[in-house]
Each structure stands twice: as structure tokens, then as C-alpha cells.
Amino acid sequence: MKLSARTPLKPLPWRCLSQRRIWGAAVSSEPDLTVPMEIDCAPPMFQGTTPTQVTTLANGLKVASSDLSLPCTTVGVYVDTGSRYDVVSGTAHVLQHMAFKTASDYSHVSVVRAGERMGAVAAAMAGRENMVYQVDTLKEAVPEAVEILADTIFESKMLPWELDDEKKLIAKEVEELSKNPQQLLQDLSHTAAFGATSPLGKPLTCPKRNLDAVTPEVLKDFVAAQYCPSRMVLAAAGYDHDELVAIAEATFGKLPAGTPQFSKPVEYIGGEYRESSEDPLTHFALSFKGTGWKDADLVPLCVLNTMMGGGASFSAGGPGKGMYTRLYQNILNRYAFVTSASVFSSFYNDAGIFGIYGSTPADCMGKLVSAMCDEMKKMAGPISDEEFMRAKNQLKSSLLMNLESRAILFEDIGRQVLTYGARTEPMELVAQIDAVTSGDLKDVAGKLLKSAPSIAVYGDTTSVPRYDQIAAQF
């Protein structure tokens with residue numbers, strides 16, 4: 001049949017239309033083949049994350065955990081020690097590399113085989129004020145994982161040949177650090193801020209010159225002096241608390257408590273540290289006296305940190321990438337020669353630093369230093385309602401989104417309980433962020449800028465103005 005412009009189309013039956021509404025496919029007239037299975041699948045006992053519970057054993061070991069309705073667990077031990085307590089600089093860093101090597105009950109090979117059998121991933125990390133040993137594994141393997149943790153923490157043999165192998169890796173790791181100038185500058189900023197001989201001013205990584213001085217005896221002495229249950233937290237994300245306490249009692253309960261940690265007080269002094277290199281870019285960090293974990297200004301400083309933001313010049317952009325932070329808008333978007341500009345901060349029990357990092361070719365460094373100093377001074381000036389609320393919302397979303405990760409939840413539990421003896425729940429932290437005012441940010445910025453600046457340079461050190469010229473701007 002031929003159709004003309006005047007020939008009306010006959011509408012399709014309603015049934016035919018209904019059969020083609022989804023992806024144009026007709027509904028099958030075949031009988032339903034679904035067969036119900038006779039399996040009693042009980043609903044989970046809880047949804048999401050349970051509140052963190054903390055139990056202290058008789059010997060002072062704290063056991064802290066939150067359960068998750070997931071099949072895996074991150075379990076580990078936080079130790080109240082680190083490079084701050086090194087007698088030989090670099091000891092904590094080397095000790096990190098000796099984790100899960102040969103100990104009394106497990107050889108290095110047996111640890112590897114046990115990990116493969118359990119489907120586990122083990123890791124260790126050394127910081128300035130804490131050491132972390134952790135294992136990610138299935139829930140049913142947690143008891144064995146805790147046994148391995150206890151063995152490597154308290155009974156490591158520090159075999160010379162295993163130590164020699166790790167020193168070779170450490171030497172390469174230190175060389176690679178120069179390829180990450182931003183991380184290097186944050187480390188050097190501690191030396192500038194606290195002094196090279198200060199507990200917090202010593203390098204976090206083991207200097208090459210100290211590798212020979214870190215012997216098995218030095219490592220054993222460090223463990224004997226620093227490792228004891230009263231300075232530890234057994235933390236878990238994704239495990240029943242009562243079961244974890246029972247495991248802790250069986251594994252750690254008979255160990256002597258030891259003594260509380262003693263920290264030599266540190267003093268922020270300000271200063272500079274410059275290191276020449278052939279890098280095509282020069283890297284510069286400007287920092288001031290920050291706050292400690294227990295300081296009342298901690299939360300306002302975190303909001304200020306988010307407001308400053310920043311990043312690298314090569315960014316995909318888009319929502320949530322910090323493109324409206326001050327360092328992005330006022331430095332990266334204005335000066336095409338700047339390759340990176342970002343904020344950084346470090347917190348410790350009794351001290352901290354807050355600063356910004358930037359990199360650019362040496363011939364442009366003078367302009368970048370001037371721009372960075374201006375942004376630091378503006379922190380104590382007017383803050384618009386829009387950028388203030390944006391910073392608070394970004395901090396809250398970052399906090400809550402990160403805590404959806406089991407590994408981050410474990411870190412949050414372990415670090416908070418080690419520092420405060422308890423954990424502040426996320427929504428309470430959100431309330432603390434909401435309570436911050438723009439006046440609080442101005443006050444904390446004013447306190448920062450009253451301290452002496454700390455300067456760290458890597459690259460063409462002559463391209464950065466003298467310390468007294470930079471300090472005079474504040």
C-alpha cells in the first residue's frame with residue numbers, strides 16, 4: 001500500500017505498544033522460569049559501621065574497633081613511637097622495612113606463605129610519632145593475623161642478612177625521594193622549622209650516611225626501649241569488638257605493661273634549609289608554626305587548610321577538584337609559569353607546621369615567592385561567606401567520604417585512640433566543623449603569621465630571595 005501525505009496512519013494496538021516500550025523489544029510470551037531457592041538468608045545484624053568501642057587490658061594495651069557488614073577486616077597495631085625517638089637517625093625507617101621478616105614463630109618465608117593462604121596483605125609504616133603494622137584479610141583469618149603481628153612486633157630476630165637486603169632497598173628509596181620534590185620539601189620544612197637536631201627536625205627517612213650505623217643491635221635496643229603494650233593500640237575496622245578483645249587477651253595479655261611514653265619537648269624556631277639540585281624546576285616551601293593534635297585551633301586550621309587548597313597546573317578540573325580554592329584561583333590560574341601550588345600541614349602531639357609549596361622554573365621563582373607570601377598574608381584578611389561555606393562543606397565531605405574506606409577507618413580509629421584514648425565519631429566532628437566561624441579562621445591565621453617563617457628550597461637555591469627579605473614581609 002502506498003502512503004501519501006494525506007493518508008492517515010492506523011494506530012497500533014495498545015498491547016503492541018506496551019510490548020515495545022523498553023528498548024523496542026517485545027515481551028516474551030514464554031512462561032516464567034524463575035525457581036525460588038529454599039535458602040534461609042538472614043539479614044545482616046547491622047548496616048554500615050558500628051560505633052567504635054575501646055577496651056583497655058590490664059597491661060595498658062588498648063583494643064579499639066568498629067564492625068562492618070563486610071567480609072574483610074583491616075587489623076593492626078599502632079605504636080606510640082617513631083623517628084622522634086630515634087637515637088640513631090633513621091632507626092624507625094629501617095625498622096619499618098624489617099616488619100614481617102624472620103621472628104620467633106614465623107620465618108619470612110612462612111609469613112609470606114601464610115599471607116597467601118589467608119589472602120592477606122601486610123604493611124608497615126613509620127611516622128614521626130607512630131609506627132603502624134597492619135594486615136588486610138578475611139574475617140575468619142583475623143586470629144592468625146594478630147599472631148603474626150605480635151610475632152613481628154615483639155619477637156623479630158633482626159637477622160643481619162635480611163637487614164642488609166633491606167638497606168639496599170632503603171638506599172634506592174632515598175634516591176627516589178629526590179624525584180618527589182613535594183614530599184621532600186615537606187620533610188625539609190621540618191628541619192627548617194625545628195632545627196636539624198630537634199626530635200621533629202630529624203629526617204623521617206634514613207640518611208644514606210646512617211645506614212651502616214643502624215645495626216641489628218640498634219634495632220633491638222629501639223624495640224626494647226619503645227615497644228610495650230601500654231604504648232599500643234590494637235585496632236580493627238570490620239571486626240566484632242568482643243572477639244577482638246578475646247584475641248588480644250590471648251596474644252598480648254601476658255606481656256608486661258611497660259612505662260608511659262616520654263617526649264622531649266620541641267620548640268618551633270623557624271629558619272631555612274636549602275639544597276641544590278639539577279632539577280629543571282625549583283621547589284619552594286613557606287611554612288609557619290601550626291597546631292598540635294590536642295590544640296583548640298585544630299579544626300579551624302583544618303578548615304583554613306581546605307580553603308587554601310591548590311594542586312598542580314595539569315588537572316582534569318571538574319566538581320570537587322578544588323578549582324575554587326585560593327591557591328588555584330590566585331596563583332595557578334593567574335601565573336602560567338607556575339607548575340604547582342598547594343597547601344600542606346603536619347600535626348603532632350605538641351607541635352605542628354602549616355605551609356604552602358610551589359614549583360616553577362628558576363627565572364620565575366621571585367614572582368612565585370612574592371605571590372605565595374601575599375596569599376599567606378591574605379589568610380588573616382576578609383573571607384567571603386561563599387568561600388567559607390565551600391571550605392567547610394568540602395572538609396565535611398572529604399571526611400565522610402574517606403571514612404567509607406575500610407583502610408581509612410582503621411587509620412582513624414588507631415590514630416585517634418593512640419592520641420586521645422578514645423575516638424570522636426564522624427558526626428561529632430561534622431558538628432565541630434559547622435561550629436567554626438570565619439572569625440576563628442582569621443584568629444588562627446593571625447597566630448600563624450606571628451611566628452617566624454620557615455623556608456625550604458630544592459633546586460636553584462640562588463633563585464629564592466634571602467631569608468631576611470622574605471621574613472620582612474610578615
Side-chain angles (χ1 to χ4, degrees), residues 44 46-53 64-76 78 121 123 125 127 130 132 134 136 139 182-183 186 233 235-239 291 293 298-312 314-329 332 340-347 352 354 356-357 385-420 422-436 440-441:
F46 56 87
Q47 296 289 343
T49 307
T50 63
T52 300
Q53 293 179 267
S65 67
S66 288
D67 206 353
L68 301 167
S69 55
L70 298 172
C72 295
T73 299
T74 300
V75 62
Y78 267 78
V121 178
M125 183 183 69
N130 56 65
V132 187
Q134 70 182 72
D136 289 275
K139 283 189 175 181
Q182 184 170 358
Q183 181 181 345
Q186 291 184 30
V233 175
Y239 202 71
T291 64
W293 286 117
L298 176 64
V299 176
L301 187 64
C302 290
V303 177
L304 181 63
N305 186 95
T306 306
M307 187 182 77
M308 296 301 291
F314 299 99
S315 173
K321 297 294 182 66
M323 304 297 284
Y324 284 92
T325 58
R326 285 194 175 185
L327 294 182
Y328 249 117
Q329 292 189 88
L332 286 164
S340 61
S342 60
V343 68
F344 67 91
S345 52
S346 298
F347 304 103
F354 177 93
I356 53 178
Y357 156 85
D385 292 340
E386 183 180 6
E387 72 170 339
F388 177 60
M389 291 306 299
R390 183 167 54 229
K392 292 210 293 185
N393 287 335
Q394 286 179 346
L395 179 59
K396 288 188 290 186
S397 65
S398 175
L399 167 70
L400 297 175
M401 290 178 186
N402 279 319
L403 287 175
E404 292 179 1
S405 162
R406 191 180 70 250
I408 300 297
L409 176 61
F410 162 77
E411 179 185 351
D412 189 56
I413 293 171
R415 191 183 299 276
Q416 284 206 48
V417 174
L418 189 70
T419 304
Y420 305 113
R423 179 177 180 240
T424 302
E425 292 296 330
M427 296 316 297
E428 185 176 341
L429 290 174
V430 168
Q432 292 179 16
I433 295 171
D434 284 333
V436 174
D440 294 332
L441 265 61

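Here, residue 1 is the first one in the sequence, and each next residue gets the next number. Computed over heavy atoms, backbone and side chain alike; hydrogens, waters and symmetry mates excluded. These numbers were taken from a predicted model, which means no experiment stands behind them.
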Quick check: closest heavy atoms across Ala64 and Val233, and the distance to 0.1 Å?
CB-CG1, 4.3 Å
Locate the shortest heavy-atom distance separating Lys396 from Asp434; write the atom from each residue and the value.
NZ-OD1, 2.7 Å
Check: Arg415 and Trp293 side chains under 4.5 Å, non-hydrogen atoms:
yes
Are Gln416 and Thr52 side-chain neighbours, meaning at least one heavy-atom pair lies under 4.5 Å?
no
For the CG atom of Leu441 and the CG atom of Asn305, what is their distance to the nearest 0.5 Å?
10.5 Å
Do Ser340 and Gln182 have a side chain donor and acceptor closer than 3.5 Å?
no
Where is the tightest heavy-atom contact between Lys139 and Tyr239, given as atom of each residue plus distance?
O-CE1, 3.5 Å
Can you name the salt bridge (charged side-chain N to carboxylate O under 4.0 Å, His left out) partners of Lys392, sequence neighbours left out?
none
So how far is it from Ser398 OG to Leu403 CG, rounded to the nearest 0.5 Å?
9.0 Å
Taking the side chain from Thr325 and the backbone from Gly310, do they hold a donor-acceptor pair closer than 3.5 Å?
yes
Check the pair Phe410, Val132 against side chain to side chain contact (heavy atoms under 4.5 Å, CB included), reporting the backbone distance first and the verdict last.
CA-CA 11 Å; Phe410 162 77; Val132 187; 4.1 Å; yes
Check against side chain to side chain contact (heavy atoms under 4.5 Å, CB included), Glu411 and Gln134
CA-CA 10 Å; Glu411 179 185 351; Gln134 70 182 72; over 6 Å; no
Beyond-backbone contact of Cys72 with Asp136, side-chain heavy atoms, under 4.5 angstrom
no
d(Leu304 CG, Phe388 CZ) to nearest 0.5 Å is 10.5 Å
With heavy-atom distances below 4.5 Å as the criterion, would you say the side chains of Glu425 and Arg423 are in contact?
yes
CG on Asn402 to CG on Asp412, rounded to 0.5 Å
10.0 Å
